[in-house]
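Hydrogens, waters and symmetry mates are skipped; everything else that's a heavy atom, side chains included, is used. Model, not experiment: these values are computed from the prediction.
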There are 2 protein chains.
Amino acid sequence: MSGAAARRPKVPKASNAVLTPLNSAATLTDRAGMREVAERAGVAMSSVSRVLSGHPDVSSAMRARVMAAVEALGYEPNMLAQMLRSGATHTVGFVVGDISNPLLAQIALGAEVRLRAAGYAMLLTNSVNEANLDATHIRLLQQRRVDGLLLSLSDETSDETLDALTRSMTPSVLVDRDLPLDEPFSAVLSDHASGIHQAVDRLVALGHDRIALVAGSPHVRPTRERINALEDALENHLGVVGQVRSGAFTEAHGKAATRELLAGRRPPTAIIAGGNQILVGVLDELGARKVRVPADISLVTCDDVPLAKFFTPTLAMINRDPYEIGLAAAGLLLDQLSGHPPETVILPTTFVTAASCGRPPR
Amino acid sequence: MSGAAARRPKVPKASNAVLTPLNSAATLTDRAGMREVAERAGVAMSSVSRVLSGHPDVSSAMRARVMAAVEALGYEPNMLAQMLRSGATHTVGFVVGDISNPLLAQIALGAEVRLRAAGYAMLLTNSVNEANLDATHIRLLQQRRVDGLLLSLSDETSDETLDALTRSMTPSVLVDRDLPLDEPFSAVLSDHASGIHQAVDRLVALGHDRIALVAGSPHVRPTRERINALEDALENHLGVVGQVRSGAFTEAHGKAATRELLAGRRPPTAIIAGGNQILVGVLDELGARKVRVPADISLVTCDDVPLAKFFTPTLAMINRDPYEIGLAAAGLLLDQLSGHPPETVILPTTFVTAASCGRPPR
DNA sequence: ATGAAAGCGCTAACAA
DNA sequence: TTGTTAGCGCTTTCAT
């Protein structure tokens with residue numbers, strides 16, 4: 001009985017509009033479904049589905065009939081239904097520390113372009129550099145059933161984050177991050193060491209003997225890599241001292257660290273600023289104290305920023321190509337989604353010297 | 001017969017694993033569904049649904065039973081199913097010209113923060129300032145059934161875009177754009193006129209009599225507003241001439257327009273750059289020709305950019321608060337989604353003078 | 001206050 | 001090659 005009732009009546013929707021009780025959001029009455037297309041073409045829904053999904057076993061006659069009906073009705077498939085049924089959302093989540101950072105904005109751009117070309121859309125969440133938001137956003141994206149994740153985490157060490165990541169093994173690509181996990185993630189890493197080495201070599205050649213690194217959060221890879229690289233580099237240059245101040249990727253930290261360094265017994269002759277925001281703080285403090293660049297101190301910054309090239313003095317920089325990083329990250333994710341094993345790609349950094357690097361004062 | 005078969009057997013999933021033929025993506029066997037929760041709690045699925053959705057008519061006993069089962073199983077609702085069933089995706093699309101523009105990055109940040117606070121996620125698409133991509137992205141987002149759209153279009157005049165927008169009336173908020181449509185969109189607009197007026201007044205007071213505006217694409221509101229405002233402002237200052245060069249929001253246009261202006265019979269004594277990229281071009285050309293700011297020419301730019309404050313000379317700017325614009329746009333969209341009628345909000349711009357504005361050369 | 005049942009629109013196993 | 005059918009996991013009438 002109830003079984004018989006379950007059999008779907010073959011009457012067109014319009015004629016039993018009364019029986020369509022569902023949500024009033026059915027205001028979209030004009031949107032044709034696959035059922036209508038099948039009816040109009042006089043074929044089964046499965047055939048319509050086959051035609052639309054490019055299944056090999058379809059006669060050209062069938063294809064023609066179906067396509068005609070599709071055209072006539074202006075049919076567009078409902079992606080939600082497809083997602084629910086197939087389990088694939090063709091959506092990836094990007095957990096980014098701060099999209100207003102031009103570096104990450106470029107990365108996001110590259111990633112989105114590559115993903116869209118492959119039919120994927122990108123959900124973006126900003127953790128505004130708060131570690132606890134990383135985990136929240138990962139879970140949120142997982143609830144939305146993203147197929148994969150691009151991770152530029154604010155903090156690699158958060159247990160909550162690691163937990164969210166291991167619990168449901170969403171295919172993920174780390175963007176310049178290292179995770180203390182066995183799970184095999186793909187990763188796009190920057191070769192910070194190379195840039196730092198080049199910068200240090202240049203500074204030492206100019207005669208500098210106290211090089212300070214004002215770095216960002218020690219909980220992310222770039223900071224650790226830069227610190228290690230500095231120490232490494234100095235082993236080749238006996239007599240040259242390194243001073244490291246890590247903290248946060250903020251203007252405030254840049255400023256405070258610079259103040260400390262300058263107030264110290266033996267202030268640095270050169271400073272490397274580990275990021276845009278930090279650079280602002282460094283410049284601010286230098287300006288406030290009337291410390292001249294490069295006459296009194298030399299300056300190198302990490303990661304280009306718009307308009308930097310018009311600075312006086314022009315800024316020496318350790319650069320990388322963020323758009324390329326985005327492309328690569330998206331590429332690795334797409335690879336993984338099509339079955340490839342996780343992979344790590346290392347992209348270069350390059351040091352470009354400029355007027356902000358000069359001989360140290362006597 | 002077939003009807004009887006349709007009756008869903010009440011056997012637990014595990015016991016008839018053989019009967020679960022669907023996609024092999026059923027690797028997620030450990031994910032409990034609402035059915036399991038209902039069984040474990042010994043209640044109907046509808047009751048579970050009611051408890052979880054905060055329906056008023058639920059006894060506390062029921063709530064307790066259900067919540068216990070939810071906890072025990074670590075149940076998490078499947079948003080895809082909810083979306084399909086309810087028709088609401090709690091997702092909004094942001095069609096942005098170029099996320100690598102710091103202005104838009106800030107707007108996106110503000111919007112995302114506000115949206116997420118309301119339980120919405122944001123799909124981001126970059127049109128990389130190509131008009132034809134606007135329409136493509138709008139359709140793409142509509143196919144994904146976004147509940148609403150945030151539009152920072154690359155070109156307001158594209159028929160394809162207008163068509164995509166009118167065809168399926170997705171609630172939308174225009175971000176500093178004007179559309180030639182009857183459809184009622186919400187909008188967050190910037191009061192460019194006020195900033196331009198203040199800048200012009202200042203320049204005229206300094207003695208300038210030829211003020212050029214190197215503007216971006218004439219197909220978007222900010223450009224038109226600035227041009228109109230300049231002409232307006234000059235009506236109050238007889239004898240002061242305006243020169244407008246609109247084109248594109250690119251460095252190339254900024255450079256070319258500046259060259260033209262400087263090569264003209266009567267070059268401007270002051271230039272207003274209509275955006276970050278344009279500013280780069282202007283500065284580049286000025287530098288190449290050894291035109292000094294402000295000694296030879298005065299300069300004003302629109303929209304702040306990181307590090308601008310360290311420029312020499314410091315740059316006079318017409319500013320606005322992009323984060324606030326993002327918040328407002330998201331707010332208007334959320335309002336619309338909860339039934340409010342479309343609305344327009346106008347946010348201020350402010351002129352901040354600086355060393356780049358000086359007296360014109362004699 | 002609770003339960004039974006009917007789908008949302010689609011895909012894919014199975015049969016024919 | 002095509003059709004039949006059983007769901008994906010949830011919400012929401014409707015009846016009790």
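Of the candidate nucleotides C:dA1, D:dT13, D:dT2, D:dT13 has the atom lying nearest to any side-chain atom of B:R50. For B:P77, counting side-chain heavy atoms from C-beta on, the closest listed nucleotide (C:dG3, D:dC10, C:dC10) is D:dC10. Listed nucleotides C:dA4, C:dA6, C:dT11 differ in distance to B:S46; the shortest reach to its side chain belongs to C:dA4.
For the residue pair B:E343 / B:S186, no side-chain donor-acceptor distance below 3.5 Å is found, with atom types taken as modelled. Defined by atom type and a distance below 3.5 Å, a donor-acceptor pair is missing between the side-chain atoms of B:R145 and B:T91. A donor-acceptor pair shorter than 3.5 Å can be found between the side chains of B:S127 and B:D134. Counted by atom type alone, A:R116 and B:H137 present one or more donor-acceptor pairs between their side chains at under 3.5 Å.
Applying the 4.0 Å criterion to OP1 and OP2 of D:dT11, one finds that B:Q82 has a side-chain N or O inside that range. Taking side-chain N and O atoms only, A:S49 has a distance below 4.0 Å to OP1 or OP2 of C:dT11.
The interatomic distance linking A:M45 (CE) with C:dT11 (C1') rounds to 9 Å, in whole Å. Separating the CG atom of A:L84 from the C1' atom of D:dC10 is a distance of 8 Å, rounded to the nearest angstrom. The interatomic distance linking A:E39 (CD) with C:dC10 (C1') rounds to 15 Å, in whole Å. Rounding to whole angstrom units, NE2 of residue B:H55 and P of C:dG3 are separated by 13 Å. Between the P atom of C:dT11 and the CG atom of A:L80 lies a distance of 12 Å, rounded to the nearest Å. Rounded to whole angstrom, the span from the CG atom of A:D57 across to the C1' atom of C:dA12 amounts to 13 Å. Taking atom CZ of residue B:R31 and atom P of nucleotide D:dG9, one finds them 10 Å apart after rounding to whole Å. D:dT4 atom C1' lies 13 Å from atom CZ of A:R35, rounded to whole Å.
Side-chain to base pairing of A:R145 with D:dG9: no donor and acceptor N or O lie closer than 3.5 Å to each other. In the interface, the side chain of B:R85 is paired with the base of C:dG7 through a donor and an acceptor atom under 3.5 Å apart.
Using a 4.0 Å heavy-atom criterion, one finds that A:N78 contacts the sugar-phosphate atoms exclusively. Looking at heavy-atom distances under 4.0 Å, A:M62 makes contact with sugar-phosphate atoms alone, never a base.
Comparing B:S60 and B:A81 by the nucleotide of DNA chain C that holds the closest heavy atom to each, the one mapping nearer the 5' end is B:S60.
Annotation: salt bridge (Lys or Arg N to Asp or Glu O under 4.0 Å) contacts of B:R40 (sequence neighbours excluded): none.
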